[in-house]
Amino acid sequence: MNSVKILTIEMLEKMFKKYPLYSQDNNKDKKVILEIFIPFQNMYWLLLEGSREDDDFIFFGYCHITDSEFGYVSFNELHSLNYGLRFIYHKVPISLDKLKRKYDIN
């Protein structure tokens, strides 16, 4: 596990090279590339796709803050949170359904 603060946009470009925004739209078995979470809190982002936009990186994924939903979040937004974010990068992408079970999501 690593701190999100050590991630760079260049690293994210490499991680999401095969999974740019909208690349999994028609995929029934969506794959998670990056998990970002706050330890000891029930807040997380299961990121499926991402693309660079100017000096930022935009992700699409499944998130839970107060409710669970699909949506977009930017790297700069995540980076601005001072909650001790952690991440898990899946070199071999993992099924969204499998991670939903890990987080006990119906």
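Bear in mind the structure is a predicted one, so any value in this text is a computation, not a measurement.
What you find for L85 and L78 is that their closest heavy atoms are CD1-O, 3.1 Å. Across every non-hydrogen atom of D25 and K30, the tightest pair is O-NZ, 3.6 Å. Of all the heavy atoms in N42 and H64, the pair that sits closest is O-CD2, 2.7 Å. Pairing each heavy atom of H90 with each of L99, the nearest pair is NE2-CD1, 4.1 Å. Taking all atoms of both residues into account, the shortest heavy-atom contact from P93 to Y19 is CG-OH, 3.5 Å. Considering every non-hydrogen atom in both D55 and I9, the closest pair reads O-CD1, 3.2 Å.
A distance-only check finds a donor-acceptor pair linking the side chain of Q24 to the backbone of K31 [under 3.5 Å]. The closest donor-acceptor contact from the side chain of E35 to the backbone of Y44 lies at 3.5 Å or more, if one exists at all. With hydrogens and angles disregarded, a donor-acceptor distance shorter than 3.5 Å links the side chain of D56 to the backbone of N76.
Counting only heavy atoms from C-beta outward, the side chains of L47 and I33 never approach each other to under 4.5 Å. Between R52 and E10, the closest side-chain pair of non-hydrogen atoms falls below 4.5 Å. Taking 4.5 Å as the limit, some side-chain heavy atom of C63 sits within range of a side-chain heavy atom of E69. Residues K100 and Y62 have side chains in contact (heavy-atom distance under 4.5 Å, counting atoms from C-beta outward). Looking at F57 and L7, their side chains never come closer than 4.5 Å, going by heavy atoms from C-beta outward. At least one side-chain heavy atom of L34 sits less than 4.5 Å from a side-chain heavy atom of F16.
Between the OG atom of S68 and the CG atom of L46 there is a distance of 9.0 Å, given to the nearest 0.5 Å. The NZ atom of K102 sits 4.0 Å away from atom CD1 of I88, with the distance rounded to the nearest 0.5 Å.
By the 30° and 60° cut-offs, the orientation of the rings of F59 relative to F75 is perpendicular.
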